[in-house]
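Written below as structure tokens is the structure these notes are about.
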Amino acid sequence: MPSNAGAAEAFREIADLLDVLGERFKPEAYRRAARSIETLTEELAAVAARNELRSIPGVGDAIAEKIREYLATGSIPYLERLRHDVPAGVVAMMRLSGLGPKTARRFWVDLGIEGPSALAAAIDAGRLDGVKGFGPKKIAQVRSAVESARIAPATGPGRAPIEEVYPVAERIVNALRARAPADRVEAAGSFRRRRETVGDLDVLVSSTEPEAVFDAFSALPEVREVRLRGGTKETVVLSTGLQVDLRVVEPAAFGAALQYFTGSKDHNVHLRSIARDRGLKVNEYGVYRGDERVAGRTEEEVYAALGLAWVPPEVREDQGEVEAAAKGRAFPRLVDDHDLTGDLHVHLPEAADAADVDRLRAAARARGVTSLGVVVGGVRADGSTFVLAVDARARLDAREGRSAGVWRAVETGPTGLPPPLRGLEHDYRIVRPTRDAPDPAPLAPGAPVLLVAHLGGGGEEGVGRVRRWVEWAREVGAAVEVGPGPERLDATWARLARATGVPLALPRGLTGPTDDPTAPIALGFARRAGAEPRDVRVAPPKRAEPRRRPTGSP
DNA sequence: GCCGTTTTCGGCCCGACTGTTTTCAGTCG
């Protein structure tokens, strides 16, 4: 079954194979197309059916044709030819740490080495000794790369989910702010853009004493190994295996460096081409006209020097945001922390009492949350439903009053209310899809549906399911919940919800620990989807008071 | 292979770091 992910993977493989064949610009063209395809919110087949493949950034005539071949037959003849021409092991050698296409190609063409195991044998046999460009250090490095690839196969540690990286990044940034002689410390890279996964963590420091910053950084307890250290950058590996790159720049260059190291690569390339057109040059130290630095202290300065409005990090993917920033107006204001004055979906534990309710209220007040949806019933992992103890329910009701900005919500599976709560006035339903019922059931009469929660469960086969639920949310006027994790909606699907006209709901993490990463990440995902304040629902929609009387009581 | 209110051809980001090279090539981000 052809899929967007499958097409993207095929183009990445083409890029790798072209790399070892020594092609100069084609590999990046195929990779750019692969990245664009991955961010699509609809199936390639649907785009192809409308004859709009060329509208995908980075897709021209040649790649559009290959997409059509892939959709029709599940394979791409060009890729099959490349696979036939290049031994699979050559790409594997290219992926070894510290090696690249040039070196892999030399091993293959000059020495007849066709893969990592043959490379190991060649090193053991001394076949690299005396080869131009390979001194003892380089040979040792290659040998160690082969060894570590054997221990950790494939592409190494890979990319980590952002919710795992978030607490680590917070700790490192805070520790450097406390212990290093630094003006400013910020995490940059795909972490700052709130990508769903993070490869390496980039941390940027503004300081005039890089050596002292590196010393403080290397001494952090989670640092396992210092991989390299120069005058302006240091790379370490944490005990979790996460690689962290630290860059130190002077304060006058901090904005330019933050812009540069936040990326994305495509966004930066686009900015530089604009700079070139204006007779300017952009690098991580500033925007230059000749030798004169005309901007660099802040990101806003850098964008302004290029005639652009400042672009929020979460949308810097060269998917149209540069053109929007060039229109001469401010960039559309994306939803921010202070817009989130309500939380539709707060859970209290099954045994919650009045003190828990008070704590929740206090947490809400402290974060500027003036309306709360409190789930008084829920669904356990085994599918059974529960309600709060009657006593706690009564206390919640008594404290809630009519104007406290608190409403109750009842969380259900896809089919109706749990029996004990049927008929309660003022209840809104929060519906969560389950594996057993992947599709929405016909809407039963009762309280309105406020929210579809824990949607997602992504993967290729989950795509259609997400689309059906988003469509259903639009029909019944529900919002969809955005957040990290396998059951939540990431930025791609938040984008789909926005395009469908479905409001987003974002958690504030009110009942979690204070450093609960879920809330800021969910906000970042919504911003990646381009969500503005009006796209987010923070309170239940106004509705007429229910006419019918309660038909039962718990 | 893609792209273009300077271009449909001739560009395609740019600097840090390492190892090996006596002035640079390759990798990385």
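Order of the sequence lines fixes the chain letters, A, B, ..., with proteins taken first and strands second; residue numbering starts at 1 for each chain. Values below: all heavy atoms of this structure, side chains included; hydrogens, waters and symmetry mates excluded.
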Donor-acceptor list for residues 18-27 of chain A side chains, cut-off 3.5 Å, not counting sequence neighbours:
unit_1: A:Asp19; atom_1: OD2; unit_2: A:Arg31; atom_2: NH1; d: 3.4
unit_1: A:Asp19; atom_1: OD2; unit_2: A:Arg31; atom_2: NH2; d: 2.8

Query raised in the report: Looking for any heavy atom pair under 4.0 Å, which part of the strands does A:Pro27 touch: base, sugar-phosphate only, or nothing?
Result: nothing
Report summary line: A:Lys26 atom NZ is separated from B:dG11 atom C1', nearest whole Å, by 16 Å
Query raised in the report: Is any side-chain heavy atom of A:Glu13 less than 4.5 Å from a side-chain heavy atom of A:Leu82?
Result: no
Query - Sugar-phosphate, base or nothing in reach of A:Lys138, heavy atoms under 4.0 Å - result: sugar-phosphate
Report summary line: In terms of heavy-atom contacts, A:Leu334 and A:Pro533 come closest through C-CD, 4.1 Å
Requested in this report: Kindly state which residues belonging to residues 102-125 of chain A come within less than 4.0 angstrom of DNA chain B, counting heavy atoms of the residue only, listed by number.
Outcome: A:Lys102, A:Thr103
Query raised in the report: Please, which pairs that meet side chain to side chain donor-acceptor pair (under 3.5 Å) have at least one residue in residues 70-82 of chain A, sequence neighbours excluded?
Result: A:Glu80-A:Arg83
Requested in this report: Between B:dT6 and B:dG11, how far apart are the C1' atoms? Round to whole Å, please.
Outcome: 13 Å
Report summary line: A:Met93 atom CE is separated from B:dT27 atom C1', nearest whole Å, by 16 Å
Report task. May I have all residue pairs that pass salt bridge (Lys or Arg N to Asp or Glu O under 4.0 Å) and include part of residues 241-251 of chain A, sequence neighbours excluded? Result -> A:Arg247-A:Glu284, A:Glu250-A:Arg293
Report task. Within residues 57-73 of chain A, find the residues that approach DNA chain B with a heavy atom at under 4.0 Å, and present them sorted by residue number. Result -> A:Pro57, A:Gly58, A:Val59, A:Gly60, A:Asp61, A:Ala62, A:Ile63, A:Lys66
Query raised in the report: Roughly how far, to the nearest 0.5 Å, is the CH2 atom of A:Trp310 from the OG1 atom of A:Thr298?
Result: 11.0 Å
Query raised in the report: For the pair made of CZ in A:Phe191 and P in B:dG29, what is the distance, rounded to whole Å?
Result: 18 Å
Query raised in the report: Can you check side chain to side chain contact (heavy atoms under 4.5 Å, CB included) on A:Thr103 and A:Met93, steps first, answer last?
Result: CA-CA 8 Å; A:Thr103 313; A:Met93 286 196 292; over 6 Å; no
Report task. In whole angstrom, give me the gap between the C1' atoms of B:dG26 and B:dT21. Result -> 12 Å
Query raised in the report: Once you round it to whole Å, what is the distance between C1' of B:dC14 and CG of A:Asp266?
Result: 15 Å
Query raised in the report: Salt-bridged, A:Arg316 to A:Glu299, with N to O below 4.0 Å?
Result: yes
Query raised in the report: Looking at DNA chain B, which of residues 10-23 of chain A put a heavy atom within less than 4.0 Å of it?
Result: none
Query - Distance, C1' atom - from B:dT7 to B:dC2, rounded to whole angstrom - result: 14 Å
Requested in this report: For A:Pro136 and for A:Ser97, find the nucleotide of DNA chain B with the closest heavy atom, then tell me which residue's nucleotide is more 5'.
Outcome: A:Pro136
Query raised in the report: Which whole number of Å gives the distance between the P atom of B:dT27 and that of B:dT20?
Result: 14 Å
Requested in this report: Find out whether A:Gln141 and A:Phe134 are in side-chain contact, i.e. whether some heavy atom of one side chain is under 4.5 Å from a heavy atom of the other.
Outcome: no
Report summary line: Sorted by chain and number, sequence neighbours left out, salt bridge (Lys or Arg N to Asp or Glu O under 4.0 Å) with A:Glu317 holds for A:Arg193, A:Arg528
Query raised in the report: Which residues satisfy the salt bridge (Lys or Arg N to Asp or Glu O under 4.0 Å) test with A:Glu38, sequence neighbours excluded?
Result: A:Arg12
Requested in this report: Applying side-chain hydrogen bond (donor to acceptor under 3.5 Å, both in side chains), name anything that partners A:His270, two or more places apart in sequence or on another chain.
Outcome: A:Asp318
Query raised in the report: Is A:Phe25 stacked on the base of B:dC2, with ring centres under 5.5 Å apart and planes under 30° apart?
Result: no
Query raised in the report: Taking the C1' atom of each, how far is B:dT8 from B:dG1, in whole Å?
Result: 14 Å
Report summary line: For residues 116-128 of chain A, the salt bridge (Lys or Arg N to Asp or Glu O under 4.0 Å) pairs (sequence neighbours left out) are A:Asp124-A:Arg143
**Report entry** Between B:dG29 (P) and A:Arg193 (CZ): distance, integer Å
**Finding:** 14 Å
**Report entry** salt bridge (Lys or Arg N to Asp or Glu O under 4.0 Å) involving A:Lys265 - partner list, sequence neighbours excluded
**Finding:** A:Glu28
Enumerate all atom pairs, one protein N or O and one N or O from nucleotides 15-17 of chain B, separated by less than 3.5 Å.
unit_1: B:dG15; atom_1: OP1; unit_2: A:Lys281; atom_2: NZ; d: 3.3
unit_1: B:dG15; atom_1: OP1; unit_2: A:Asn283; atom_2: ND2; d: 3.3
unit_1: B:dA16; atom_1: OP1; unit_2: A:Tyr285; atom_2: OH; d: 2.8
unit_1: B:dA16; atom_1: O3'; unit_2: A:Thr232; atom_2: OG1; d: 3.2
unit_1: B:dC17; atom_1: OP1; unit_2: A:Gly231; atom_2: N; d: 2.9
unit_1: B:dC17; atom_1: OP1; unit_2: A:Thr232; atom_2: N; d: 2.9
unit_1: B:dC17; atom_1: OP1; unit_2: A:Thr232; atom_2: OG1; d: 3.4
unit_1: B:dC17; atom_1: OP1; unit_2: A:Lys233; atom_2: N; d: 3.1

Query raised in the report: Has A:Gln243 got a side-chain N or O lying under 4.0 Å from the OP1 or OP2 atom of B:dG29?
Result: yes
